[in-house]
Amino acid sequence: NGLIQHLRNKGCSGVGINTSLRHIKVYFNWLFEKEKIISEPIKFKLIPKGVQLYHYFNESEINQIYHYIDENGIDSFFKRCFHFYNQTGMRPTEPFIGELVGDWYLITAEERKNKIPMQMQLNDELKAILLEMQSFRDSKLHCKDANERVCDIFSRTLSKVVRALGFTGKKLTLYSFRHAYAIRRITITGSIHDVMREMGHSNPQTTMRYLRFPEQRRLDDFPSLREYIEQRQNMPKSGSMVTKSMVTEYSNVNKLSHSHRE
């Protein structure tokens with residue numbers, strides 16, 4: 001317990017501590033079973049997982065990120081990339097592992113993390129951003145693992161912006177756009193099955209974690225979803241919701257420019 005508290009004070013997460021404990025356990029069991037150096041196997045008591053909440057960007061934070069990029073001389077390409085992640089909910093590497101066929105972006109099951117194929121329809125704006133992102137990746141093909149290299153560039157740029165804006169109290173990464181997308185979609189559709197399919201989750205329990213955020217918190221963080229939340233509050237339990245749009249539009253996103261990158 002003293003070691004665990006020490007690691008927590010150092011900023012280690014429960015998941016990270018448990019992972020380290022498992023590695024130590026494997027090593028000591030090897031000493032017991034193979035080398036006969038210790039007389040009995042080692043047992044560890046892992047940290048309980050508890051309730052894990054996703055860390056997402058709210059609407060205000062997203063707009064602040066876009067505004068900061070506009071006002072501080074950061075290449076607008078990154079603003080468009082962040083907009084793409086926010087509007088599609090894709091994992092960081094997914095824009096680089098699929099194929100654009102007409103209006104549809106397709107990723108095979110073999111390429112996806114949970115072995116579930118993706119079929120996502122993109123509008124003209126998102127298609128243009130996708131092609132720009134892939135062109136940027138192609139410029140890095142001389143690097144080892146170009147996809148990861150590009151995602152690292154995106155992550156470092158986002159971290160720089162987040163630090164400058166002083167967002168605190170939660171760990172914000174490229175995945176935070178994905179979580180924001182899921183919360184919007186589950187609020188708009190009211191359907192675990194639809195959002196599970198869109199996100200590529202193999203376990204519905206993974207998708208249902210987004211329901212742990214109370215409607216009032218979602219209303220505070222995503223004011224544009226007010227009509228959907230209020231409509232659901234006034235609906236009979238057996239009713240169904242008709243959705244108007246697949247994405248949430250933000251006030252300053254329609255001015256995204258597509259200047260050519262060098």
Side-chain angles (χ1 to χ4, degrees), residues 52-66 78-98 103-107 112-114 116-123 125-130 133 151 154-155 158 161-162 167 170-215 217-229 232 241 243-254 256:
Q52 300 294 321
L53 292 178
Y54 297 114
H55 296 166
Y56 60 86
F57 289 112
N58 60 40
E59 282 183 15
S60 174
E61 290 166 341
I62 291 170
N63 279 319
Q64 288 181 66
I65 289 170
Y66 294 163
F78 294 106
K79 175 181 176 179
R80 295 191 291 277
C81 293
F82 299 155
H83 175 61
F84 183 89
Y85 285 121
N86 185 53
Q87 292 296 305
T88 63
M90 289 190 195
R91 297 181 179 89
T93 60
E94 287 185 339
F96 312 111
I97 60 176
D103 293 337
W104 291 86
Y105 185 62
L106 311 176
I107 304 179
R112 295 199 82 195
K113 177 181 177 181
N114 290 331
I116 299 173
M118 169 186 280
Q119 300 181 73
M120 178 174 287
Q121 189 174 26
L122 304 178
N123 60 29
E125 178 192 45
L126 294 178
K127 284 194 296 182
I129 298 173
L130 174 67
M133 293 172 70
C151 290
F154 292 163
S155 294
L158 181 62
V161 174
V162 167
F167 297 156
K170 54 185 178 179
K171 183 180 179 181
L172 296 169
T173 67
L174 284 177
Y175 275 92
S176 299
F177 290 116
R178 176 173 169 83
H179 300 324
Y181 172 87
I183 291 173
R184 295 196 309 269
R185 291 297 296 148
I186 209 163
T187 302
I188 290 172
T189 66
S191 170
I192 289 289
H193 174 75
D194 288 347
V195 178
M196 177 182 172
R197 175 174 48 79
E198 291 174 19
M199 301 293 290
H201 293 156
S202 57
N203 187 341
Q205 293 298 320
T206 303
T207 313
M208 289 181 67
R209 291 179 188 173
Y210 293 104
L211 292 176
R212 290 177 177 163
F213 297 100
E215 288 188 335
R217 181 177 177 185
R218 282 182 269 165
L219 183 59
D220 291 345
D221 286 344
F222 300 93
S224 63
L225 300 181
R226 175 178 294 275
E227 64 176 293
Y228 298 102
I229 294 174
R232 180 169 291 107
M241 174 175 286
T243 65
K244 292 170 56 180
S245 171
M246 174 125 181
V247 297
T248 303
E249 295 297 334
Y250 298 98
S251 58
N252 63 346
V253 184
N254 57 349
L256 291 171

Colleague: Please examine the side chains of R218 and I186, heavy atoms only from C-beta on, and report whether any two atoms are closer than 4.5 Å.
Modeller: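 Answer yes - side chains close enough.
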
Colleague: Is there side-chain contact between N203 and H201, with heavy atoms separated by less than 4.5 Å?
Modeller: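 Answer no - side chains too far apart.
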
Colleague: Please name the pair of heavy atoms, one in T88 and one in M120, separated by the smallest distance, quoted to 0.1 Å.
Modeller: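 Where T88 meets M120 most closely, the heavy atoms are O-CE, 3.2 Å.
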
Colleague: So, Y56 versus F222, ring centres under 6.0 angstrom or not?
Modeller: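 That pair passes the under 6.0 Å test.
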
Colleague: Which is it for I65 and L158 under the side-chain contact (heavy atoms from CB on, under 4.5 Å) test, yes or no, and what are the steps along the way?
Modeller: CA-CA 8 Å; I65 289 170; L158 181 62; 4.0 Å; yes

Colleague: Might you work through the salt bridge (charged side-chain N to carboxylate O under 4.0 Å, His left out) test for K170 and E61, ending with a clear yes or no?
Modeller: CA-CA 12 Å; K170 54 185 178 179; E61 290 166 341; 3.0 Å; yes

Colleague: Is it true that R185 and D194 make a salt bridge, defined as a side-chain N closer than 4.0 Å to a carboxylate O?
Modeller: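 A salt bridge is absent here (no side-chain N lies under 4.0 Å from a carboxylate O).
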
Colleague: Taking the six-membered ring for Trp, are Y85 and F154 parallel (under 30°), tilted (30 to 60°) or perpendicular (over 60°)?
Modeller: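 Plane angle over 60°, so perpendicular.
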
Colleague: Counting N and O atoms only, with roles assigned by atom type, does the side chain of Y105 sit under 3.5 Å from a partner on the main chain of P95, one being a donor and the other an acceptor?
Modeller: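 Yes, because the side chain of Y105 sits within donor-acceptor range (under 3.5 Å) of the backbone of P95.
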
Colleague: Please test F82 against Y66 for ring-ring contact (aromatic ring centres under 6.0 Å, His included), starting from the C-alpha separation and ending with a verdict.
Modeller: CA-CA 9 Å; F82 299 155; Y66 294 163; 7.8 Å; no

Colleague: Any donor-acceptor pair under 3.5 Å linking the side chain of H55 with the backbone of K171?
Modeller: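 A pair under 3.5 Å: yes.
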
Colleague: Would you mind reporting whether Y175 and P92 have side-chain heavy atoms less than 4.5 Å apart?
Modeller: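 The answer is yes, as the side chains (C-beta and beyond) meet within the 4.5 Å cut-off.
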
Colleague: Within the structure provided, determine whether I183 and F57 are in side-chain contact (heavy-atom separation under 4.5 Å).
Modeller: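 I183 does not reach F57 side chain to side chain.
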
